[in-house]
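Read the structure below first, then the notes.
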Amino acid sequence: MTARARLVLDTNVLLDWLVFEDLAVARLGRAIEEGAVQCVATAEMLEELRRVLAYPQFAARVSDSHAILRRWQRHAVAWTADLGPARLRCTDPDDQKFLDLAFAAQAHWLLSKDRAVLRLAGRAARLGLRIATPARWNPADEGGSAPAGSANRREYSPRPSG
């Protein structure tokens, strides 16, 4: 049996999937909802999504931010272990958390639309992590065997604040 690919999604990818229902992430959204892949996230990432959903430009589009947060929590596995520094540094400090988690969780993929993250794709691939946009994500290419560290994760349980 092949292990599910483990993914880290940046906030913009989550917004495209959960808020904008962008066709470029439809395949990814189906894979997540069908349980074909495993997504990992930290509490900091959940908090960032909560903050972003409250921005005025999203508030008019999002009738129930709590429902969006709960939807993401149903599909994400919370990473609670220390991240430690990733083997790569991002020029955008706000995006470093995604790299840190991807390496700590031994993710197969980091899906992002951020140029600073995407520029690291070649170097990350040599370290066993694939970085791509959702449109370039290939679910048939898991990027390696099942990740280790399952004792360091648990399902989200707290309700979103807000």
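Because the structure is predicted, anything quoted here is derived from the model rather than measured.
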Original post:
Quick check: are there more than 12 heavy atoms from other residues, nucleotides or ligands sitting under 6.0 Å from CZ of Arg51?
Top reply: yes
**OP:** Kindly check if the number of other-residue, nucleotide or ligand heavy atoms within 6.0 Å of CG (Asp64) is above 12?
**Re:** yes
Taking all non-hydrogen atoms of both residues, which atom of [X] and which atom of [Y] are closest, and how far apart?
| X | Y | value |
| --- | --- | --- |
| Ala107 | Leu129 | O-CD1, 3.5 Å |
| Ala41 | Ala76 | CB-CB, 4.3 Å |
| Lys97 | Glu48 | NZ-OE1, 2.8 Å |
| Leu120 | Arg89 | CD1-O, 3.8 Å |
| Leu118 | Ala132 | CD2-C, 3.7 Å |
| Phe58 | Leu15 | CZ-CD1, 3.8 Å |

**OP:** Using atom types as modelled and distance alone, determine if a side-chain donor or acceptor of Asp82 lies under 3.5 Å from a backbone N or O of Gly84.
**Re:** no
Subject >> Flag, side chain of Glu21 to backbone of Ala26, donor-acceptor distance under 3.5 Å >> reply: no
**OP:** Measure up the Trp17 and Trp72 rings against each other and bin them: parallel (under 30°), tilted (30 to 60°), perpendicular (over 60°).
**Re:** perpendicular
[X] [atom1] to [Y] [atom2] distance, which is reported to the nearest 0.5 Å:
| X | Y | atom1 | atom2 | value |
| --- | --- | --- | --- | --- |
| Leu7 | His75 | CG | NE2 | 13.5 Å |
| Phe103 | Leu83 | CZ | CG | 12.5 Å |
| Leu101 | Arg6 | CG | CZ | 9.0 Å |
| Arg136 | Leu111 | CZ | CG | 13.0 Å |
| Gln73 | Leu49 | CD | CG | 9.0 Å |
| Leu99 | Leu110 | CG | CG | 5.5 Å |

Original post:
When you look at Leu28 and Trp137, which way does the side chain to side chain contact (heavy atoms under 4.5 Å, CB included) test go after all the steps?
Top reply: CA-CA 8 Å; Leu28 171 63; Trp137 171 64; 4.0 Å; yes
Subject >> Leu23-Leu18 co-clustered via ILVMFWY side chain contacts under 4.5 Å >> reply: no
Subject >> Residues Glu33 and Arg74 bridged, charged N to O under 4.0 Å >> reply: no
**OP:** Output, in order, the C-alpha distance, side-chain angles, deciding distance and verdict of side chain to side chain contact (heavy atoms under 4.5 Å, CB included) for His108 and Val8.
**Re:** CA-CA 8 Å; His108 300 105; Val8 172; over 6 Å; no
**OP:** For Asp16 and Lys113, run side chain to side chain contact (heavy atoms under 4.5 Å, CB included): C-alpha distance rounded to whole Å, both residues' side-chain angles, the deciding distance at 0.1 Å, then the answer.
**Re:** CA-CA 10 Å; Asp16 284 350; Lys113 293 172 46 180; 2.6 Å; yes
Original post:
Is there side-chain contact between Leu14 and Met45, with heavy atoms separated by less than 4.5 Å?
Top reply: no
**OP:** Would you please test Leu69 and Leu53 for side chain to side chain contact (heavy atoms under 4.5 Å, CB included) and show each step?
**Re:** CA-CA 9 Å; Leu69 291 167; Leu53 289 172; 4.1 Å; yes
